[in-house]
Amino acid sequence: MANVCNVEYEDDIFEDENLNSFISFPAEVQYAIEQVLPSTDPLDRPDFNAVDYINTLFPNEQSLSNIDDVIGRMKLKIRQLDDEIRTVIRGQTNVGCDGKEALEDAQKSIQQLFARIKDIKDKAEKSEQMVKEITRDIKQLDHAKRHLTASITTLNHLHILVEGVDTLQNLLHKRQYGEIANLLQGVMNVLDHFQKYLSISQIGNLADKVQKIRSELAQQITADFHNAFTGPTSKTFLPNQQLAEACLVVSILDPKVKSDLLKWFVDLQLIEYTHIFQENQDAAWLDKIDRRYSWLKKHLIEFEEKFGCMFPPDWELSERIAVEFCNITRKDLSKIMASRTQEIDVRLLLFAIQRTTNFEVLLGKRFNGVTLEGMEKTSLTNRKKEIVATPNTNPFEEVESTNPFAEDMEKEMTEKKELVETESNVMKIKLNPFQGYISRCFEPHLNIYVESQDKNLSQLMDRFVEDMQNINATRPEVHGASVLPSCADLFVFYKKCLVQCTQLSTGDPMLSLMATFQKYLREYAVRILQNNLPKIGPASSLTSSAGIIQNFQSLLKEGEVTRFTSSEQCRICSILITAEYCLETIQQLEDKLKEKVDPTLSNQINLSSEQDIFHGVIANCIQLLVQDLEAACEPALTAMSKIQWASVETVGDQSSYVTAITSHLRQTLPLLRDHLSSSRKYFTQFCVKFVNSFIPKFINHLFKCKPISPIGAEQLLLDTHMLKTVLLDLPSLGSQIVRKAPASYTKIVVKGMTKAEMILKVVMAPYEIAQGFVDNYIKLLPESDCAEFQKVLDMKGLKRSEQNTMTEIFRTRLPIGIATGLTADATVGNSISATNSSPEHESSRIKRLEKLIKKRL
């Protein structure tokens, strides 16, 4: 071993050829080496290349002069590495020897530790055994003590039970109910401890005796109450202590005993009521419904004064009488109304409902409703309407408002806060459990109410029609467009009906009322709005925009120009903004209906079809205004098509027809914008529809201008550009505040008028080279067709033979031009070049025209 440790390594050991071979380690080993011995030396890289490394040291021939220095550094580095290797190897040899000795010492220590642990374990087992022997007697004593305590407790309970049974039997015969009430509950509690010992005969006998005593008490107390209230001395009976204590005993007995006794007693109290208000009695009808509720108020006052102190407060006897009164009243009213339906009118029905709901509010203030079945299961969601809509005044009083369905924000916030407090602590808000307890019997007859509202709405609609006729007859001149007053009146009436019906029922009658609302919304849209739109002619029909267009066309064919007066335009705008108001209010009405109706029926609330009708009215109004403005521009367009454009010799200012069109636009647009100031979006729609209709018509009149000389085409191009400028500013025309037109509107105008300009540029282009002309046409008007191409040829005034040649070329070139964008065909390129090489006077003419347009602008 010493020889190994003292081995001397010579410098020539690394000259062994076997060590000169490159050693390659796996990737994992190489990664571990880099983590332990990080190095940036190229010699340590796994992909070391000796040639590349030498080339790095000696990049050129001049660097070879330093080869001796480099070799010297390398040898020095080799010696340093040899010293490090030798030191490490010697250190590892010594470490191996030391490690073996340390391992032997560790094995000896483990053996000693194992022996000590085994000794401790043996001593612990002996200690545990010793503790068990010491505590054996203590456990036995503790077990005996526990059983002895249980035995003593059981004996005491048994003693109490035996004595209690004997005492109860004695007290039963003496009717000492106060002492029985105190003792019976204790006996029942003691008997519960013996439930698992009932199999023992003595215990079973005692349990049977207790049950027998309870039965005898129930029979005896029931008999005492019957004798007291229905016996011979019942008329002179006064409350006494004995029956008051008997009530305490009844509370301890079987719950059925208490429920039977209470039912008998409540029925006894209401015998007089059922007799007085029998179906065949005059007092039973709805017009005397107040007498029913007055009878209960009087009876409860007398009952509480005479018997209130005799019954326990937790029996809630007054409330039980009131609840049974409500049940009897609801059944009686349902029966009598079913048999006398023909005698019920809306006034009588509403009178009865109002008195009944007022009475239910009174009951809600007086009682908590704890005796009502299922009250503890009533959810806050179902009671939310009762919290908000509890009537403190006349529930049928009309509430006037500018917007009948707009909720006051402060009120909404208060109600939301109130609901949050309710959900966190139910007792903070007093609910009315009697809401609808009687009044729901009127629900099957609410069709009378709905029919009455239908009749009232019909009369209201007739009054609206008459008012509109009077306004049109007596006030032909209107100085401003506004929402028709009848619209607000209609929705105020709707709100009144909705409030009434909500307090009457939130079920099917609400759906019937919605159907009535829908009926008269449609009628209002037709009779009040659509039928009062100005008539274009004596036989015009405003049911569709097609009818309007046909009527206009028929009039224009006759050479007439029918225009609306300023008052008629104002009336159209008033009807438009009224229809818009109706749209918004109908949405609010639908939301209110969904909020008030029973949640199971909310999905049946839908007023979208009525909204569509008012959308149609708005579209009709806009179409009328568009057609009216088009009619004003029509003579100017006709005049344009009649000008002899072939004889135009010079390009001047804009033509008279452009001036006429601009004048009509400047006269009409400010007036309509003022009338529709509150409906800006519909004014924008009007502008969009007008340019969508006017620009194609303008282009059609351009096609009628034939033949056109190049100078004439230049004048038309100037006119078109001027008209395009006016149309781009149309939404702000004549306004002191200039607003940028919507991007969608600008896009329509630019696209349409650009097409007109391209048509005129094609007309101005030379046609001597047929292929070049066709290709230029396709380039300027890529979406054109053969019909438009033929019209352009007519505008140029070409001969029929020339047109036929051009048309044939167009038909063959059009698909290729569209598919390839006029870039793939060499012929197309040649023809374009030919077109571009047109005479100089044509190019200069277009440039002069552009300068003239800029000068005019």
Side-chain angles (χ1 to χ4, degrees), residues 403-405 450 453-454 456-469 472 481-495 497-498 510-536 540-551 568 571-594 597 603-627 675-676 678-679 681-686 688-689:
N403 188 345
F405 297 100
V450 176
Q453 299 307 320
D454 185 283
N456 293 337
L457 281 170
S458 178
Q459 296 173 354
L460 186 66
M461 207 61 59
D462 293 338
R463 180 169 66 83
F464 290 163
V465 173
E466 184 179 354
D467 291 344
M468 285 295 295
Q469 292 174 351
N472 295 336
S482 60
V483 178
L484 298 178
S486 59
C487 180
D489 294 341
L490 176 66
F491 285 106
V492 167
F493 189 87
Y494 274 13
K495 182 179 181 181
C497 295
L498 181 58
M510 188 74 80
L511 297 180
S512 301
L513 185 65
M514 181 197 69
T516 303
F517 287 170
Q518 291 175 309
K519 173 183 175 182
Y520 287 99
L521 284 174
R522 293 191 292 268
E523 189 168 334
Y524 185 86
V526 175
R527 295 182 62 188
I528 309 302
L529 300 184
Q530 188 161 288
N531 289 354
N532 281 283
L533 287 172
K535 304 295 188 294
I536 299 174
S540 64
S541 172
L542 300 181
T543 56
S544 65
S545 58
I548 299 172
I549 297 172
Q550 292 176 0
N551 197 284
E568 289 175 332
R571 192 195 314 167
I572 294 174
C573 294
S574 294
I575 291 175
L576 188 152
I577 61 179
T578 300
E580 180 188 18
Y581 175 87
C582 290
L583 273 177
E584 297 175 354
T585 315
I586 286 173
Q587 184 59 51
Q588 296 175 1
L589 174 61
E590 180 177 337
D591 295 339
K592 281 295 179 184
L593 285 169
K594 289 182 178 180
V597 77
N603 58 345
Q604 300 184 38
I605 302 295
N606 188 353
L607 300 180
S608 58
S609 59
E610 285 66 37
Q611 290 178 320
D612 292 341
I613 293 176
F614 284 97
H615 276 299
V617 172
I618 292 174
N620 204 0
C621 293
I622 294 176
Q623 188 66 27
L624 280 175
L625 296 175
V626 169
Q627 295 292 343
H675 289 329
L676 299 177
S678 60
S679 302
K681 63 179 180 179
Y682 292 116
F683 175 73
T684 303
Q685 286 187 20
F686 161 76
V688 169
K689 286 191 175 183

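Side chains of V465 and M468 form no contact here, defined as non-hydrogen atoms less than 4.5 Å apart. Side-chain contact between L484 and Y524 is present, with at least one heavy-atom pair separated by less than 4.5 Å. No side-chain heavy atom of L529 sits under 4.5 Å from any side-chain heavy atom of L533. Using a 4.5 Å heavy-atom threshold, the side chains of Y682 and I577 count as separate. Side-chain contact check for L625 versus C573: some heavy-atom pair is nearer than 4.5 Å. Annotation: side chain of C582 is in contact with side chain of F491 (closest heavy-atom distance under 4.5 Å).
S486 places no side-chain N or O within 3.5 Å of a backbone atom of F464 that could act as its donor or acceptor partner. Under the 3.5 Å distance criterion, the side-chain polar atoms of N532 are matched with a main-chain donor or acceptor of I528.
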Next item on the list: Give the intermediate values and the outcome of side chain to side chain contact (heavy atoms under 4.5 Å, CB included) for residues I575 and N620.
Entry: CA-CA 10 Å; I575 291 175; N620 204 0; over 6 Å; no

Note to self: Apply side chain to side chain contact (heavy atoms under 4.5 Å, CB included) to residues Q453 and F493 and explain how you reach the verdict.
What the structure shows: CA-CA 9 Å; Q453 299 307 320; F493 189 87; 3.2 Å; yes

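The CD atom of Q459 lies 10.5 Å from the CZ atom of R463; values are rounded to the nearest 0.5 Å. In this structure, CD1 on I613 lies 10.5 Å from CG on L607, to the nearest 0.5 angstrom. One finds the OG1 atom of T585 at 10.0 Å from the CD atom of E580 (value rounded to the nearest 0.5 Å). Note that CG of L576 is 12.0 Å distant from NE2 of H675, once rounded to the nearest 0.5 Å. A distance of 5.0 Å separates CD of Q587 from CD of E590, quoted to the nearest 0.5 Å.
C487 approaches Y581 most closely through the heavy-atom pair SG-CD2, 3.0 Å. Minimum interatomic distance between V617 and A579 (heavy atoms only, all atoms of both residues): CG1-CB, 4.1 Å.
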N/O donor to acceptor pairs below 3.5 angstrom from side-chain atoms of residues 514-522, sequence neighbours left out:
unit_1	atom_1	unit_2	atom_2	d
T516	OG1	S512	O	3.2
Q518	NE2	N606	O	3.0
Q518	NE2	E610	OE1	3.4
K519	NZ	D454	OD2	3.3
Y520	OH	D454	O	2.8
Y520	OH	D454	OD1	3.0
R522	NH1	E610	OE2	2.5

